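Only a predicted model underlies this, so the values are computations on that prediction, with no experimental measurement involved. In what follows, chains are A, B, ... by sequence order, proteins preceding strands, each numbered from 1. No hydrogens, no waters, no symmetry mates; every other heavy atom, side chains included, goes into these values.
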Protein chains: 2
Amino acid sequence: MTNEDRRTLRTRAALRAAFVAQVLERGYAGVRVEHIAAAADVGRATFYTHFRDKEALYDHVVEVVLGELRERITPADWEGVGFTGRPVAELFRHASEQPEVYRLILRGEGDGRGLRALVDAWTTTAYDVFAERAETQRIRPRVDLRVVARAWVGEQAAVLLWWLESPAPRPGTEQVVETLVELSRHGRYWATGFDPVST
Amino acid sequence: MTNEDRRTLRTRAALRAAFVAQVLERGYAGVRVEHIAAAADVGRATFYTHFRDKEALYDHVVEVVLGELRERITPADWEGVGFTGRPVAELFRHASEQPEVYRLILRGEGDGRGLRALVDAWTTTAYDVFAERAETQRIRPRVDLRVVARAWVGEQAAVLLWWLESPAPRPGTEQVVETLVELSRHGRYWATGFDPVST
DNA sequence: GAAGATACTAGACACTATGTCCAGGTTCTG
DNA sequence: CAGAACCTGGACATAGTGTCTAGTATCTTC
């Protein structure tokens with residue numbers, strides 16, 4: 001890796017950071033290329049030597065985050081007892097390290113493209129794990145696993161966004177993740193204490 | 001209600017329909033005011049006599065849908081055994097009657113504003129029901145009800161979008177709703193057949 | 001069926017942001 | 001220090017926005 005490359009990488013990182021900050025400040029539609037360039041301390045023309053337009057930068061940002069997330073979760077995380085707990089915890093931990101990008105994506109900023117990318121990727125991963133588990137354990141699931149995977153992911157997306165946008169005194173990562181795991185394990189009725197039969 | 005009002009209402013409805021169709025065809029960012037006007041069979045200037053801009057029309061569309069949904073679900077739907085099943089079924093039924101608008105909103109089109117509006121409204125409603133139930137029944141929930149409400153809504157949003165975008169041979173409303181209810185009742189582990197303890 | 005009100009219309013307008021281009025400047029490497 | 005990158009400001013044509021105006025169509029009411 002030569003040093004020209006380094007310079008390029010630094011500039012791109014600056015543009016990414018500037019983009020995220022600007023979108024959270026002004027909203028995706030309200031951000032001008034000039035704002036991003038200025039916030040990244042770079043000329044407007046320079047922006048275009050790196051990215052075709054605002055959308056391209058957005059896609060790049062999402063790609064980077066998804067790449068990091070993928071690298072962080074190994075197949076081993078999906079093994080064993082309570083096998084969904086570790087991936088969820090890892091997701092929340094990653095998000096808490098860079099709340100801005102995650103808020104950006106989960107809010108559906110940029111016409112929802114990033115949110116759909118995240119949800120789709122995460123859903124595919126989950127479904128594959130669920131399906132393979134059912135396969136190897138000769139289990140015949142009582143419900144459609146595609147629906148289960150979607151539900152599982154949607155649940156996390158909604159809770160994660162709420163958690164990231166909650167003001168200062170918010171529950172800790174462990175507590176929220178624990179709640180999600182409990183819901184997976186015992187169902188909402190059990191967790192809330194409402195008895196579906198006698199009520 | 002005079003007849004001028006009628007004309008106005010008809011034009012607005014036409015603009016709403018045109019907007020939805022155009023966004024699904026070109027994506028929110030790709031839609032020009034001219035496209036909407038043309039699709040509604042109306043002059044471009046007319047658009048501006050009804051709505052400030054594209055965003056205002058978008059907000060109006062969301063408002064109408066949320067209004068309809070609210071009207072459809074009475075407090076009685078939240079009563080009794082399996083009290084979450086009926087509202088969910090009603091939501092899915094409403095969505096299946098006008099899949100286009102719901103797809104538009106759930107995809108996060110328009111920088112996610114509509115999706116957030118829908119999720120927030122639905123979450124608030126759910127939380128209030130949950131909280132009041134816990135109150136009147138003197139139940140001390142095992143988990144944070146705010147998280148439960150978020151999770152419950154996120155689950156539905158993700159599954160509903162998936163369902164609306166699935167090609168022709170897709171599961172029926174009843175089946176999908178039934179799955180969601182089962183997940184609420186018994187938890188994901190039970191429904192998938194994976195035993196969290198012995199696995 | 002005429003008068004009046006209201007919605008609609010085409011076209012022109014200034015304005016703003018986009019994306020491309022270029023010629024010259026800066027910064028790092030070898 | 002020479003060369004190769006990256007960066008730069010400014011100029012440019014283009015496209016879409018939102019406003020306005022003067023005039024036309026449509027419907028109600030008497």
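Looking at residues two or more places apart in sequence or on another chain, you find a ring-ring contact (aromatic ring centres under 6.0 Å, His included) between B:Phe92 and B:Trp163. Scored by the salt bridge (charged side-chain N to carboxylate O under 4.0 Å, His left out) test, A:Arg72 finds A:Glu90, A:Glu97 as partners (sequence neighbours excluded). Taking the salt bridge (charged side-chain N to carboxylate O under 4.0 Å, His left out) definition, one finds that A:Arg103 meets it with A:Glu165, sequence neighbours left out. In this structure A:Glu155 satisfies the salt bridge (charged side-chain N to carboxylate O under 4.0 Å, His left out) test together with A:Arg188, B:Arg188, sequence neighbours excluded.
Of the side-chain N and O atoms in A:Thr11, one or more sit less than 4.0 angstrom from OP1 or OP2 of D:dC7. Between A:Tyr48 and C:dT20, a side-chain N or O to OP1/OP2 separation shorter than 4.0 Å is absent. Contact check, A:Thr46 against D:dT8: a side-chain N or O comes under 4.0 Å of OP1 or OP2.
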Which atom pairs link the protein and nucleotides 22-27 of chain C when you take only N or O atoms and keep those under 3.5 Å?
none

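Rounded to a whole Å, the CZ atom of B:Arg26 is 10 Å from the P atom of D:dG16. Between B:His50 atom NE2 and D:dT19 atom P the separation is 15 Å, expressed in whole Å. In this structure, B:Lys54 places its NZ atom 9 Å from P of D:dG18, rounding to the nearest Å. One interatomic measurement links the two molecules: CZ of A:Arg10 to C1' of D:dC7, which rounds to 12 Å at whole-angstrom precision.
For the contact set between residues 27-44 of chain B and DNA chain C, defined by any heavy atom under 4.0 Å, the members are B:Val42, B:Gly43, B:Arg44.
Ring geometry for B:Phe19 against B:Tyr28 counts as perpendicular: the plane angle is over 60°, on a 0 to 90° scale with 30° as the lower cut.
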